[in-house]
Amino acid sequence: MEEIKKYQVCIRCYTYNQALYISDALESFVIQKTNFPFVIVVVDDASSDGEQEVIRDFINKNFNVHDQATSYTRDTDLANIMYAQHSTNKNCYIAAILLKHNLYKEPDKKSVLVDEWRNQSKYEALCEGDDWWLSDEKLQRQFDILENHPEVDMCACGTSCFKDGKIQRHITPSSDERILSVEEVILGGGGYLGTNSLMHRVSLLHDGVKYWKTFYLDFFNQIHGALRGGIYYISECMAAYRLVSQGSWRDRMKGERKKYFFHVERINETLNLLDRETEFKYHEYIERRKIINYRSMFVNGLRNHFLFEVLSFSDKIKLSSLIFKA
């Protein structure tokens, strides 16, 4: 018999220094129309821009913080925690984990904090604090699909990319609603799907696949979600991604070319682990993805002197052949 969960969906929202944007994300969560209970787990990584106060204010204004039957506050060594039920949307709960110290380099500690609510949920939906959702039916539609398609572990939708309030482009790997294959996801890279468009089974986190745990990255999360039966894709854009928002990873990486090079190298090393763990079933596609990654470094102007200082001789030969290949 399947274990009965308290929540059907846990919305995991990691955020850091997104005081300007977090209210947009939270508002798009609480307006979700569902026939099931869900919990928003927002983890603020010890922001220095006042974001924790913004989160507290949002909860105080929108949730029943004084109802002791459905709300509480708790203080631990790592975080201040606020839990409450929404004032009008009774299917909506929130658990705000306001960290006292930044845990960016200790992701496992953050994950353990989320587990209290994630383990009470059947599915997990993802959205970072600077992004948001465009449809109040997103959770319900993805929930229904995963309920009706037990052969897949992950569901995605189209994503609209915004800059200064205007749509710049869309992340839509297909014009049709269909299942995306593992091969397509590997070749697509990290930008193939919007991370905040994803919902997956919580059981996916405990399925024994190990490679993706060596490097917490959106790309590997997507591949992991596709391995058993592909990713069910809804072509409608129900998620919004904020391009180069203040405090974003891309914003912090500007000018960090050497760091970015090692980032790409680590991606390719993790792809090698995936290759071995899947017994080379997707070897052709993994090798093609690695070549795309190497080429992208040069396209983006990463031909700096440090590159050839740190590469092995074999990798220098490999890169040279790719650069000058017709």
Side-chain angles (χ1 to χ4, degrees), residues 7-34 36-45 47 51 54-55 58-59 62 86 89 91-98 107 110-111 113-114 117-118 121-143 145-146 154-162 167 170-172 190-202 204-205 216-219 221-222 225 231 233-234 236-250:
Y7 314 103
Q8 290 298 319
V9 178
C10 166
I11 302 171
R12 193 198 75 193
C13 179
Y14 285 167
T15 186
Y16 173 72
N17 280 356
Q18 305 292 354
L20 296 175
Y21 314 119
I22 189 62
S23 293
D24 292 340
L26 295 175
E27 185 62 34
S28 74
F29 302 156
V30 302
I31 64 171
Q32 292 298 305
K33 299 175 182 177
T34 67
F36 56 80
F38 63 92
V39 59
I40 304 160
V41 183
V42 55
V43 183
D44 179 277
D45 211 346
S47 293
E51 183 177 23
V54 175
I55 294 170
F58 185 90
I59 293 174
N62 295 282
H86 195 268
N89 185 353
N91 278 329
C92 176
Y93 297 80
I94 193 168
I97 302 172
L98 308 177
K110 284 197 291 187
S111 185
L113 289 169
V114 174
W117 293 274
R118 179 163 50 201
S121 307
K122 188 173 183 179
Y123 302 107
E124 181 177 55
L126 308 179
C127 188
E128 295 193 346
D130 54 341
D131 301 323
W132 71 102
W133 294 338
L134 298 171
S135 170
D136 59 9
E137 298 180 346
K138 177 184 181 293
L139 283 189
Q140 185 69 57
R141 289 181 63 182
Q142 292 187 306
F143 171 83
I145 284 170
L146 288 171
M154 182 174 283
C155 181
C157 64
T159 303
S160 296
C161 300
F162 285 79
I167 295 177
H170 301 286
I171 301 174
T172 50
Y192 187 61
L193 295 167
T195 297
N196 66 324
S197 79
L198 304 178
M199 182 190 289
H200 64 83
R201 300 182 193 278
V202 170
L204 184 67
L205 304 176
Y216 290 90
L217 203 64
D218 298 339
F219 179 34
N221 183 43
Q222 292 171 24
I231 297 176
Y233 172 72
I234 305 169
E236 180 182 343
C237 289
M238 296 191 291
Y241 174 74
R242 200 183 305 270
L243 291 168
V244 196
S245 60
Q246 182 178 335
S248 68
W249 181 86
R250 293 178 187 274

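In this text, all values refer to a predicted model and were calculated from it rather than measured experimentally. Along the sequence shown, the residues carry numbers beginning at 1.
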Item to check | Sole residue of Asp130, Asp131, Asn196, Asp24 in side-chain hydrogen bond (donor to acceptor under 3.5 Å, both in side chains) with Arg242 | outcome: Asp24
Checklist entry - Would you call the rings of Phe143 and Tyr123 parallel, tilted or perpendicular if under 30° counts as parallel and over 60° as perpendicular? => result perpendicular
Next on the checklist: Closer than 3.5 angstrom, by distance alone: can the side chain of Glu124 be matched with the main-chain N or O of Val202 as a donor-acceptor pair?
Outcome noted: no
Next on the checklist: Does Glu137, at its CD atom, have more than 12 non-hydrogen atoms belonging to other residues, nucleotides or ligands within less than 6.0 Å?
Outcome noted: no
Checklist entry - Tell me, do Trp133 and Ile31 make a side-chain contact under 4.5 Å, heavy atoms counted? => result no
Checklist entry - If every non-hydrogen atom of Met154 is compared with every non-hydrogen atom of Leu204, which pair is closest and at what distance? => result CE-CD2, 4.3 Å
Checklist entry - Checking side-chain hydrogen bond (donor to acceptor under 3.5 Å, both in side chains) for the pair Ser135/Glu236: CA distance, chi angles, key distance, verdict? => result CA-CA 10 Å; Ser135 170; Glu236 180 182 343; 4.8 Å; no
Next on the checklist: I want to check something: taking the side chain as every heavy atom from C-beta on, are Arg118 and Arg12 in contact at a cut-off of under 4.5 Å?
Outcome noted: yes
Next on the checklist: With a 4.5 Å cut-off on side-chain heavy atoms, are Leu205 and His200 touching?
Outcome noted: yes
Checklist entry - Going by heavy atoms in the side chains, are Asn89 and Phe38 under 4.5 Å from each other? => result yes
Checklist entry - Would a 4.5 Å heavy-atom cut-off, applied to side chains only, mark Asn62 and Ile94 as touching? => result no
Checklist entry - Given the rule in the side-chain contact (heavy atoms from CB on, under 4.5 Å) test, do Asp45 and Lys110 qualify, once you have shown the distances and angles that lead to the verdict? => result CA-CA 9 Å; Asp45 211 346; Lys110 284 197 291 187; 3.1 Å; yes
Checklist entry - Taking C-beta and beyond as the side chain, do Thr172 and Cys237 meet within less than 4.5 Å on heavy atoms? => result yes
Checklist entry - Do Leu126 and Asp218 have side-chain heavy atoms sitting under 4.5 Å apart? => result no
Item to check | Minimum heavy-atom distance between Thr15 and Glu51, given as atom pair plus value | outcome: OG1-OE2, 2.5 Å
